[in-house]
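Could you have a look at this structure, given as structure tokens, before my questions?
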Amino acid sequence: MGIFIDKGNSAFRQSRNSEYIDKSGLIAIVNKTLFTEQKFSCVTRSRRFGKSMAVKMLAAYYDRSCDSRPLFADLQIASDPTFEEHLNKYPVVYLDLSSFSRMLDKGNVVDIIEKELIKDIRTAYPKVPVPKGGNLMKYLLRIHAATGDTFIFIIDEWDTILRECAQNPKLPDQTDSYVNWLRSMFKDVLGMEVFAGVYMTGILPIKKYNTQSAMNNFEEYSMVEPGDMGALFGFTKEEVQALAAKHGMDFDELEKWYDGYQIGPQPSMFNPSSVMKAVTRGRCRSFWASTGAFDSVVGYINMNYDGLKEDIIEMLAGGRAKVDPTGFQNDMADVKSRDDVLTVLIHLGYLSYDWRRDECFIPNREVAGEMVNAVKSVRWTVIANALQQSERLLEATLRGDGKMVARMVADAHIENASIIKYSGENSMACVLAIAYYYAHGDYIFHREYQTGTGFADLVLIPRKNTTTPAIIVEMKYNDTVGTAVDQIHDRQYPQKVAEYTGDIVLVAISYDKKTKEHQCLIETWKK
């Protein structure tokens, strides 16, 4: 058993000994590409979305040095027509690039990688001489010529070196030599002869040079373009429902905390790592802080390209932002626009991407909490203040203190006027959604919610297993608070919302642009 070749299946065996969700459908997709022009795959996902789990599974399935049949016998792949054809048939080279990132300041990392790989592969092929100069590709060609073997080459965290060089200015920039090495290995025509298949994972898609991919022979699957792998990028609703039932967890809590990713055609995908931690520990909370991307996120949003700040605020308020991800060069050191920042945040898992509408949004409570922390870190003081005051605003609303609500909404409105462009009720709705941010813990937010014969500005429907009443907020810009109250009743807003809840708190707010005065009346509608 080698370090990089013929590693066996012990890593995947540990996964099967743990709580395991069947994602072996990935194997069937990869099997279809073997020995074809589509044999080069680059699958990029956010941190904690199962990249390493997938490569452990693939390595165990293809590795010739072990018998993995028992590990796959009860999984989906076992019934696939290609299962027997490729099971444990190949020499597998498994390279985790994150283990080499700490060597970036020790010399040329490509030379180090090649030296280590050749040394280990030689133990598997002692009779094949290493070519002069120790070139890895020439060595693999010699092995293929001498034995007829074709390799499965797996690279986990392929973009680690690029990200480390971009984020740490003290490190020597070795990105060009590394990308050239990848080209020499996989884009050259010789690679078509040596490899049965190549599978790379990472966070970012392959870097572009002048809008073209550095290795355009790779089939790419990403958070933006997952292809037919959408259901394999996280946990589906059905998978999480089964986990919740097995562990006695509240599915609605898991959904609130970890759902919300729209990956390709999959409308509801959960963060797999956070779900597994939650069911193991028996409670939901944020597990996001353990990731290493937070400092990068703070730096990106602090750039405030082209109104980025307004977009972040709008998304914190439950809205969406338009985004064009096609211009991003897939390089975290080459972020030049608002669209670039939003695209990076999608790849990092801080935003979800709706490809049908070219929009991005904050997916769930866990990520929203991290975005709030980022806002605080970049010292958007007025927004941070509004978020911190939101608990008091909710308490005042529920106890019917209209004067307090009017005063707090006025403060939020005035303080945020320098950040958000105000043009009427829609902008005011954004202010209110931020002001009521704390309520996300117990409520599902709806802006412009269809109720009765009209659309309520803001509706907060209690989540399951909560005892708080629903809240309907109606705002009037340059009109009276009485008009807002009348509209709530005339258009029968409560009757529609009552289908989902018990009692309802009705909040009518008005704003006079001339006097800058806010008024609020609060009533309780009994079901």
* To do: Any chance you could lay out the side chain to side chain contact (heavy atoms under 4.5 Å, CB included) test for Q329 and K336, step after step, and finish with the verdict?
  => CA-CA 10 Å; Q329 298 297 300; K336 298 177 180 177; over 6 Å; no
_So does P469 get a backbone contact from the side chain of Y443, meaning a donor-acceptor N/O pair under 3.5 Å?_
yes
Note, I362 side chain near L351 side chain (heavy atom, < 4.5 Å) = yes
query = Can you name the nearest heavy-atom pair linking G230 to M269, along with the distance?
reply =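 Smallest interatomic distance, heavy atoms only, reads O-CE, 3.5 Å.
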F361 atom CZ, over 12 foreign heavy atoms within 6.0 Å
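More than 12 within 6.0 Å, yes.
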Minimal heavy-atom distance between P205 and N330, with the atoms involved, is O-CB, 3.3 Å
Yes or no on side chain to side chain contact (heavy atoms under 4.5 Å, CB included) for D339 and F328, after CA distance, side-chain angles and deciding distance? CA-CA 7 Å; D339 283 324; F328 179 51; over 6 Å; no
### Message
Using side-chain hydrogen bond (donor to acceptor under 3.5 Å, both in side chains), reason through E219 and T33 one step at a time and then give a plain yes or no.
### Response
CA-CA 10 Å; E219 297 291 326; T33 70; over 6 Å; no
- Query: Distance only, no hydrogens: is a donor on one side chain within 3.5 Å (strictly under) of an acceptor on the other, for T280 and E19?
  - Reply: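 Side-chain D/A pair, T280 to E19: absent.
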| query | With distance as the sole criterion, is a donor-acceptor pair present between the side chains of K277 and S273 under 3.5 Å? | reply | yes
Interatomic distance, CE@M229 vs OG@S222, rounded to 0.5 Å, equals 11.0 Å
May I ask you to say whether D159 pairs ionically with R163, meaning some side-chain N is under 4.0 Å from a carboxylate O?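 Salt bridge between D159 and R163, a charged N being under 4.0 Å from a carboxylate O: yes.
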Taking every heavy atom of G25 against every heavy atom of L232, the minimum-distance pair comes out as C-CD1, 4.2 Å
Requested in this report: Check whether any side-chain N or O of W288 sits under 3.5 Å from a backbone N or O of V367 as a donor-acceptor pair, and report yes or no.
Outcome: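 It does not hold such a pair.
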* Between D22 and Q76, is there a donor-acceptor pair closer than 3.5 Å when you use the side chain of the first and the backbone of the second? ->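 Side chain of D22 to backbone of Q76: a pair is present.
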- Message: Could you tell me if the side chain of L254 sits less than 4.5 Å from the side chain of H247, heavy atoms only?
- Response: no
Next on the checklist: Quick check against the 3.5 Å criterion: does E239 have a side-chain atom that pairs as donor or acceptor with the backbone of T236?
Outcome noted: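 Such a contact is found between E239 side chain and T236 backbone.
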Where S390 and Y437 come nearest, the two heavy atoms and their spacing
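Result for this residue pair: CB-N, 3.7 Å.
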d(R45 CZ, H347 NE2) to nearest 0.5 Å is 14.5 Å
- Task: In plain terms, say whether K403 and D401 are close enough for a salt bridge, that is, a side-chain N and a carboxylate O under 4.0 Å apart.
- Result: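 Answer for the salt bridge query: no.
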(Q) Do Y350 and V344 have side chains that approach each other closer than 4.5 Å (heavy atoms only, starting at C-beta)? (A)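 The answer is no; the side chains never approach within 4.5 Å.
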For this session: Mind telling me whether Y477 and Y511 have parallel, tilted or perpendicular rings, with 30° and 60° as the class edges?
Result: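 Rings of Y511 and Y477: tilted, as their planes differ by 30° to 60°.
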- [ ] Decide yes or no for W355 and P325: does some side-chain heavy atom of the first lie under 4.5 Å from some side-chain heavy atom of the second?
- [x]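 Counting from C-beta outward, W355 and P325 never come under 4.5 Å.
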K23 side-chain N/O to G234 backbone N/O, donor-acceptor pair under 3.5 Å: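 Indeed, once roles are kept as given, a pair shorter than 3.5 Å links the two residues.
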### Message
Counting C-beta onward and ignoring hydrogens, is there a side-chain heavy-atom pair between T44 and L204 closer than 4.5 Å?
### Response
no
- Query: When rounded to the nearest 0.5 angstrom, what is the spacing between OG in S18 and CE in M276?
  - Reply: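 Atom-to-atom, S18:OG and M276:CE are 8.0 Å apart.
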For R392, is there an ion pair with E395 - N to carboxylate O distance below 4.0 angstrom?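 Not counted as a salt bridge, because no side-chain N and carboxylate O are separated by less than 4.0 Å.
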task: Return yes if some donor-acceptor pair links the side-chain N/O of Q519 with the main-chain N/O of T480 below 3.5 Å, else return no.
output: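 No.
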**Message:** Between the side chains of E474 and R491, is the shortest nitrogen-to-carboxylate-oxygen separation below 4.0 Å, so that they form an ion pair?
**Reply:**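 E474 and R491: not salt-bridged.
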Quiz item: For residues Q487 and K476, is any side-chain donor paired with an opposing acceptor at under 3.5 Å?
Solution: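 Per modelled atom types, Q487 and K476 side chains form a pair under 3.5 Å.
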What one should report as the nearest heavy-atom pair of L97 and E157 is CB-O, 3.3 Å
message = Any side-chain to backbone donor/acceptor pair from D354 onto E359? Under 3.5 Å, distance only.
response = no
### Message
With rounding to the nearest 0.5 angstrom, report the CG to CG distance, L345 to D340.
### Response
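So the gap between those two atoms works out to 11.0 Å.
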> Has the side chain of E220 got a donor or acceptor atom that lies under 3.5 Å from a matching backbone atom of I206?
Replying inline: yes
* Asked: Is there a donor-acceptor pair under 3.5 Å between the side chain of K51 and the backbone N or O of S46?
  -> yes
(request) I would like to know whether L394 and I471 meet side chain to side chain contact (heavy atoms under 4.5 Å, CB included); could you show each step before the answer? (result) CA-CA 10 Å; L394 179 62; I471 300 172; 3.8 Å; yes
task: Indicate the ring-plane relationship of F12 and Y20, choosing parallel, tilted or perpendicular according to the 30° and 60° boundaries.
output: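 F12 vs Y20 ring planes: perpendicular.
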Could you check whether the rings of Y261 and F49 sit parallel, tilted or perpendicular, using 30° and 60° as the cut-offs?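 It falls in the perpendicular class, over 60°.
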Between H440 and R365, is the side chain to side chain contact (heavy atoms under 4.5 Å, CB included) condition met? List the steps.
CA-CA 8 Å; H440 278 281; R365 181 177 177 181; 5.8 Å; no
ask   = Salt bridge between K526 and D503, side-chain N to carboxylate O under 4.0 Å?
value = yes
dist N478:CG -> T515:OG1 (nearest 0.5 Å) comes out at 8.5 Å
Quiz prompt | 4.5 Å side-chain heavy-atom contact, Q389 and D411 | solution =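 Contact flag for Q389/D411 side chains = no.
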Is any side-chain heavy atom of D252 closer than 4.5 Å to a side-chain heavy atom of E255?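 In contact.
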Within the side chain of K322, is there an N or O that forms a donor-acceptor pair under 3.5 Å with the backbone of R357?
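It does hold such a pair.
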Are D259 and S268 close enough that a side-chain donor and a side-chain acceptor fall under 3.5 Å?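 Checked: D259/S268 side chains pair up, N/O donor to acceptor below 3.5 Å.
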CE of M371 to CD1 of I313, rounded to nearest 0.5 Å, is 11.0 Å
Any non-hydrogen side-chain atom of T343 less than 4.5 Å from a side-chain atom of Y353?
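SC-SC contact between T343 and Y353 ruled out.
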Quiz item: Can you name the nearest heavy-atom pair linking L393 to M408, along with the distance?
Solution: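 L393 and M408 have their closest heavy atoms at N-CE, 3.6 Å.
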- Does D80 pair with K32 as a salt bridge, N-O distance under 4.0 Å? no
